[in-house]
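Just so it is clear: chains get the letters A, B, ... in the order the sequence lines come, proteins before strands, and each one is counted from 1.
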Amino acid sequence: MAGPATDPRAAAPGAAPPTRRGTEAVLLGFAVLLTVLAQCIVDLTITGSLRPEMAGFSAWISALWVVAHLVIRKWAPYADPLLLPAVALLVGLGLTVIHRLDLAAEQVESTITREDAPVQLVWATLGVALFVAFLVFVKDHRTLSRYAYTLALAGLALLALPALLPASMSEVNGAKIWIRVAGFSIQPGEFAKICLVVFFAAYLVDKRDVLALASRRVAGIELPRGRDLGPVLVAWILSILVLVFERDLGSSLLLFGIFVVMLYVATERSSWLLIGVGLFAAGAFLAYNVFGHVQARVDTWLDPFAYRDGAGYQLVQSLFGLGTGGLFGAGLGGGRPDQVPVAKSDFIASAVGEELGLFGLVAVIVVYLILVERGLRTSLVVRDPFGKLLAAGLAFAVAWQVFVVLGGVTGLLPLTGLTTPFLAYGGSSLVANFVLVALLVRISDAARRPATPPAAAPVRLGDAPTEVVTP
Amino acid sequence: MNAPLRKVAISVLVLFTLLIVNVNYIQVVRSDELRKDSGNTRVLAAEYDRERGAIVVAGTAVAESVPTDGRLKYLRQYPQGELYAAVTGYHSLIYNNSQLERAENDVLSGSDGRLTLRRLADLFTGRDPAGGDVVLTLDPAVQAAAMAGLEGVTGAVVALDPSTGAILGMASTPTYDPGRLSSHDPAAIREYADQLDAAERDPRLNRAIGDNFPPGSLFKVIVSAAALADGEYTPDTVVPAPTELPLPNSTRVIPNFNGSSCDPSGQQPLIDALTISCNTAFAQLGMDLGEDRIREMSEAFGLDGERYEIPLRVEGSSIGDVEDDAALAQTSIGQRDVRMTPLQAALVAATVANDGVQMKPYLVDELQAPDLTVIDSTEPEEWREPISADVANQLTEMMVSVVARGSGRAARIDGVEVAGKTGTAQVSEDVADHTWFMGFAPADDPQIAVAVFVANGGGTGGERSAPIARQVIEAYLDAQGD
């Protein structure tokens, strides 16, 4: 994984490397098969018969991945073959668990209530459409660096919008992170995350030489110059503002973590990590002492069972589900994941753990790990610094988000309001993450594409020719 | 930028490993704890999906699961609810399990390891996994007589087979209907529980084992045992028996019951002192023997303060702290801090009946798999031997005298020699006394040992408790004679 990057061109100069599209097709087939099988098991276990829409669903989900695959074949033939299948598996499992929870609600209330799985399928379709559109229209990821400052503005606007809107249009369960218009709910933070990662990449590639300058050594660590602390302080203040005005612990932690890690990768200076951790500690201390909701979150995290009937109810129910699931789980349709409030979105991982057991949940974590490590590998292999930093930022964003969310629902970390990428119910998150993966696919294609005449797109920020690629 | 990238990749691996380790910790290490947590309704709900085993007395189910058409597939029923409530407990959606429903839950629910192999087989044969049955040692005739005897009073009855320790009867009043706590209607369950909560004395408490009480004069049997143990005393040894006994270093005195004189001469043989339950004689005897010998004999009989399981949890019995001789005098007549569960009283009688060997009491005779094959059965086990057979015989002689011509005459049965001892314990000035009787029969070949406790019923052990013991003994001997 973290071994030497095998550059196909080094092995066979001149010869075109294998595109590995066949591997991708087989893995996608496997993902579709698992999805349909899991859906059948859910229906048979809970209702005893397959629902009439099953054939339509199977055709639809197959069509989604076939289209995505064909578009990759045509417009990104050298893309990493594991990215899309990992996403397909997660989306398929998410749809299955959401459908399973739809059925549980019907069982309890004996009537057809709102069905969320078909809605999620529509969101997935929209996600794939954006994925396709991105690959078709963005031929070279480096074009994005031209719009870095525009994207930064857009990202900040998206981030700030819910805070500026009245609570009736933006607040759900205490967090002001929504835009609710005409029956639609959008979580703009998910899109802001991608815009800001693109901006960070462009900005840091531009400024990394300056930021890498050290002024003095303290206790064996080279510290940056005081005046260079500006950007990290801005990121820090931004995160604190998100926490204050939107009460969104998750996004705050996510944005700051991504920025610090990208800063570290860009400058190769571990002192930035130390400064980041220090600022984080200061922010955490401040937040804990100033904001009641943060304090409540932490107290609940430390001893959820003390608040089992109140603030800790959700987490305790989640732990009950996981514990009852044990090694092998209750089987799809065999557990009671509906006992956990909002199991479809925030706590979907505990539903997976309850019904598919430790093995199922660890498998999901490993699929995420594959997705992230393929992203980081892309970053290692790609030559242009912007692409390198962008891929690293995006891959780490997924890793960090998964860690914070799964850590939250399993009691390892305090709970945050972040969503589980690809798995959880929620349109904004799903669509935004499809765009994120489209970016990774695009960069990975550039990484493995055989050397052809350099891309026509003018490079403004990246100074690729001077980059020393360590063999 | 590749060097930090590799470090980031490794850090991500570490973070995800943390997640996986934590998930392992929750789903494997803490799995059992979380599964069994009282707040986790999953397991309970799942338990209603399969047939829970029955609790069986003499071939008849006293707790059983019957199929329903509702969302919960099985309903727990207690056909003779109030009669066996103290032993069965309830199996409630809201209040979880109690008594045997709790103690034997693993077998009843089918999750016990001894049933696992069969359950794997169930998986392949497609049968619904079912729980195992718990077969009790109780005797229906004894149980019915005990509950009939306790009607209208608060109290408890325990009956044992002295030679095995098998519990033949265990009754506690006031009682309740466990079926109403085990229904599928949460509102009705809560309403009934509120009603029980409002009762002056909680019907859900099994007073035979769940609480301990001052035994009063029952304790004189243990003092007698301590006196007889090293041969210094015999039943015929004459002991001082004044009308009033001044307490050392105190202005208070220990009187006899109703202030009567035990013997005009101020002294009497030990057997007579027990027969009429002479307080002054035993208070003096206790002080003469000293705290150590009283305490040693008490602990030898099981008054050691330890809780144990039969498999229901039994509260400990003990003589408490004894600060001085005045306290020792009061302790010797079963007052002060002496506390016994009714089961402990029955055990003392059973030990005397069984030539000084105390058998470990048990309530569960057999555990059966759903196909009725036996997966476990309880073997009688010698538990303690506080006294020799000789001392046991001397005590039997003295206890026979109690019933034949002393305070326990109400326990006499025509044609059967009954041995016993009465007890009347003062609780406080303004509350009626507790009354006790413990005994066994027939004296020469003991078949049953019994203890009867009536809480705050007033009167004396001879008046209130001995007749109940007689009914229970008669019911058992009659049933055995058939």
Which donor-acceptor pairs under 3.5 Å do side chains of residues 394-408 of chain A form with protein atoms, sequence neighbours excluded?
{"residue": "A:W400", "atom": "NE1", "partner": "A:L253", "partner atom": "O", "Å": "3.2"}
{"residue": "A:Q401", "atom": "OE1", "partner": "A:K193", "partner atom": "NZ", "Å": "2.7"}
{"residue": "A:Q401", "atom": "NE2", "partner": "A:E190", "partner atom": "OE2", "Å": "3.4"}
{"residue": "A:Q401", "atom": "NE2", "partner": "A:T419", "partner atom": "O", "Å": "3.0"}

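Looking at A:L361, only its side chain comes within 4.5 Å of chain B, counting heavy atoms on both sides. Only the side chain of B:V28 comes within contact range of chain A, with at least one heavy atom under 4.5 Å from a heavy atom of that chain. Neither the backbone nor the side chain of B:D32 has a heavy atom closer than 4.5 Å to any heavy atom of chain A. For A:V265, the parts sitting under 4.5 Å from any heavy atom of chain B are the backbone and the side chain alike. Contact annotation for A:Y368: both backbone and side-chain heavy atoms come within less than 4.5 Å of a heavy atom of chain B.
From A:Y264, atom OH reaches atom NZ of B:K7 across 4.0 Å, with rounding to the nearest 0.5 Å. In this structure, B:N22 CG and A:T410 OG1 are separated by 4.5 Å, a value rounded to the nearest 0.5 Å. In this structure, B:L5 CG and A:E268 CD are separated by 8.5 Å, a value rounded to the nearest 0.5 Å. Taken to the nearest 0.5 Å, the CG atom of B:D37 stands 4.0 Å off from the CZ atom of A:R308. Distance CG/A:L412 to CG/B:L19: 6.0 Å, rounded to 0.5 Å.
Of all the listed residues (A:T324, A:T267, A:L376, A:V372), the one sharing the greatest number of non-hydrogen pairs under 4.5 Å with chain B is A:T324. Of the listed residues (A:L327, A:V366, A:L319, A:V316), the greatest number of heavy-atom pairs within a distance under 4.5 Å of chain B belongs to A:L319.
Exactly one residue among A:I365, A:V364, A:L322 makes a side-chain contact (heavy atoms from CB on, under 4.5 Å) with B:V23. That residue is A:I365.
Shown here for A:K388 and B:N2, the closest heavy-atom pair between the two residues is NZ-OD1, 2.7 Å.
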